[in-house]
Amino acid sequence: WIDLLFIIAPPFFCLAFIALFPNLFLDVKEMPIYWWVILVLLIDVAHVYSTLFRTYFSKASWRRYKVPMTLTPLIAFLFSVLLCSISMALFWTVLAYIAVFHFIRQQYGIMKLYSRNEISLAPWCKWIDVLVIYAATLYPILYWHLSSARNFNWFVEGDFLVADLPLARHVFTALYFMVLVVFLIKEIYLIFKWETINLLRSLVIVGTILSWYFGIVYFNGDMAFTMLNVVSHGVPYMALIWIFSVKENQVEAQKSSFWKLMLSPLGIVIFLLIIFLFAFIEEGFWDVWVWNENSSLFAAFTHFESDSINNKWLRFLVPLLAVPQLTHYLIDGFIWRKSK
């Protein structure tokens, strides 16, 4: 039930909610502050800090990944400073494409997670699953790039390199639906051949198809994009982190008071409070130094304001604030990779 509720169901819950309240989502440009707190602060930013429990808070992971865990934040900072020194727009563009890669690979990884016992499945069936999961994520991104301006951005306005090319859109749309038909035929074939279905793997793929298509292609509003994009990515990620951390640190809990507390019935509450606190602190500094959009929410950070902060300082402050996010994107390539 944990898998179904927290990993499989989020995109379906979001789509059901959007269907119940369509006026909140269709062609809506602005996001109300309370939705921003729920979707961006408590899910999108907070899920970045959940990585701490699989990395810097875990002795087992530290022993195994000490070198990448030490070097990644430093490399991320220096790389970001270099980009910001060239152009702030270049920094946001590069960060956006790294984020897209991270989001796509998560869907691939979760699909593979629920395919791990399909040992006897024909290789062509597995290739179709890989093809459809990449089509489900890449086609909406291509559609976005080949369309006129959308009512939402990945990070900031202009971070994607877009051009309005209707013919290319139509070609990719036709290819996309061909892939979906092939996947459907494959699933029907397996049901008739084996008289069974890998429900979790199929639901991951269908949920990915629906959330990415409706969030980016069908709807043209910031609320729909953010809800389907953030919830479908952040909630499963936090759930996976918690599941792996609990299993990985069972032995550690016998000698570590921190993990003994984390593995207690209160553990999940403490886990959420810690990542929410980190998210609030980070966003407070983003707001006071860069965005200046939610001063009422981050009133406690106003004494950090400085009139002397200009573009010269921003090329260091923005990379510094982006370090947790970039580290999260990059370190994922190590902590989730399985040799078998």
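Being a predicted model, the structure only gives us computed values, none of them experimental. When reading the values below, keep in mind they use all heavy atoms of this one structure, side chains included, and skip hydrogens, waters and symmetry mates.
For Y97 and H145, the ring centers sit closer than 6.0 Å to each other. Checked against a 6.0 Å centroid threshold, the rings of F301 and F280 count as neighbours. In this structure, Y237 has its ring center under 6.0 Å from that of H328. Ring centroid separation for the pair W336 and F244 comes in under the 6.0 Å cut-off. Ring centroid separation for the pair F225 and W144 comes in under the 6.0 Å cut-off. Annotation: F271 is in aromatic contact with F53 [ring centroid separation under 6.0 Å].
Between K59 and E248 there is no salt bridge, since no side-chain N of the basic residue sits under 4.0 Å from a carboxylate O of the acidic one.
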May I have the step-by-step check of ring-ring contact (aromatic ring centres under 6.0 Å, His included) for W212 and Y143, ending in yes or no?
-> CA-CA 11 Å; W212 285 66; Y143 184 94; over 10 Å; no
So W154 and F103, ring-ring contact (aromatic ring centres under 6.0 Å, His included) or not? Walk me through it.
-> CA-CA 12 Å; W154 195 279; F103 272 62; 5.1 Å; yes
Carefully, step by step, assess F6 and H47 under the rule ring-ring contact (aromatic ring centres under 6.0 Å, His included).
-> CA-CA 13 Å; F6 295 107; H47 98 277; over 10 Å; no
Could you walk me through whether W124 and Y189 pass the ring-ring contact (aromatic ring centres under 6.0 Å, His included) check?
-> CA-CA 12 Å; W124 65 268; Y189 165 78; 5.5 Å; yes
Evaluation steps, salt bridge (Lys or Arg N to Asp or Glu O under 4.0 Å), between K112 and E118 | CA-CA 10 Å; K112 294 293 285 184; E118 296 180 316; over 6 Å; no
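Scanning both residues, L263 and N249, for their nearest heavy atoms gives CD2-O, 3.8 Å.
Residues T226 and D222 bring a donor and an acceptor atom of their side chains to less than 3.5 Å of each other. For R54 and Y65, the side-chain atoms include no donor-acceptor pair closer than 3.5 Å. A donor atom on one side chain and an acceptor atom on the other are found under 3.5 Å apart for T208 and Q107. With 3.5 Å as the limit, one finds no donor-acceptor pair spanning the side chains of S61 and Y56.
Each of D129, D3, N198 was scored for a side chain to side chain donor-acceptor pair (under 3.5 Å) with Y114, with one residue passing: D3.
In the hydrophobic clustering of ILVMFWY residues, with side-chain heavy atoms under 4.5 Å counting as a link, L83 and I75 come out apart.
Within 6.0 Å of CH2 in W62 there are more than 12 heavy atoms belonging to other residues, nucleotides or ligands.
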